[in-house]
Amino acid sequence: MIDEISLEERKVVYRARRGLKEIDVYFDPYVKNYYLKADDHEKQMFAELVEQEDPDLLDWFMEVAEPPRPELKDFIRKLKYYVHGS
């Protein structure tokens with residue numbers, strides 16, 4: 001990770017640790033490989049995502065339900081691409 005990490009970034013990284021395998025499989029690689037290098041908009045999208053409840057996240061990642069905003073759906077698709085490549 002980059003040496004200079006803001007307090008807000010630290011909070012997001014901490015909140016991203018869920019302990020739920022189905023979510024951690026997407027959040028962990030993103031935090032380790034992309035989050036600190038992301039632009040401000042993408043960091044905000046991830047911060048918004050980690051604030052959500054686990055059951056909602058599971059439904060969104062499994063495509064059982066739609067996130068409340070299309071931007072979140074697009075960002076989830078991006079996280080899935082980082083892990084699965086498609």
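From a predicted model like this one, the values you see are computed outputs, not experimental measurements. Heavy atoms only: backbone and side chains are in, while hydrogens, waters and symmetry mates are out.
- Summarising the geometry, atom CD belonging to Glu71 is positioned 5.5 Å from atom CE belonging to Met45; distances are rounded to the nearest 0.5 Å.
- Closest heavy-atom contact between Asp74 and Arg77: OD1-NH1, 3.0 Å.
- Annotation: side-chain hydrogen bond (donor to acceptor under 3.5 Å, both in side chains) contacts of Tyr26 (sequence neighbours excluded): His84.
- When the side-chain hydrogen bond (donor to acceptor under 3.5 Å, both in side chains) test is applied to Glu48, the partners found at least two apart in sequence or on another chain are Arg69.
- In this view, Leu20 and Arg18, Glu22, Ile23, Asp54, Leu58 satisfy the side-chain contact (heavy atoms from CB on, under 4.5 Å) rule, not counting sequence neighbours.
- Proximity of Trp60 to Lys73: side-chain heavy atoms (C-beta onward) are nowhere separated by under 4.5 Å.
- Qualifying salt bridge (Lys or Arg N to Asp or Glu O under 4.0 Å) partners for Glu53, counting only residues two or more places apart in sequence or in other chains: none.
- Scored by the side-chain hydrogen bond (donor to acceptor under 3.5 Å, both in side chains) test, Glu8 finds no partners at all (sequence neighbours excluded).
- Under the salt bridge (Lys or Arg N to Asp or Glu O under 4.0 Å) criterion, Arg17 pairs with no residue at all, not counting sequence neighbours.
- Take Asp59 and apply the side-chain contact (heavy atoms from CB on, under 4.5 Å) test, not counting sequence neighbours, and it matches Val64, Ala65.
- A 6.0 Å sphere centred on CG of Asn33 holds more than 12 heavy atoms belonging to other residues, nucleotides or ligands.
- Evaluation of the side-chain contact (heavy atoms from CB on, under 4.5 Å) rule for Tyr82 yields Tyr30, Tyr34, Glu42, Lys78, Leu79 as partners, not counting sequence neighbours.
- Partners of Asp24 by side-chain hydrogen bond (donor to acceptor under 3.5 Å, both in side chains), not counting sequence neighbours: none found.
- Contacts of Ala47 classified as side-chain contact (heavy atoms from CB on, under 4.5 Å), with partners at least two apart in sequence or in another chain: Val12.
- Residues satisfying the salt bridge (Lys or Arg N to Asp or Glu O under 4.0 Å) criterion with Asp56, sequence neighbours excluded, are absent altogether.
- Atom NZ of Lys32 sits about 14.0 Å away from atom CZ of Phe27, to the nearest 0.5 Å.
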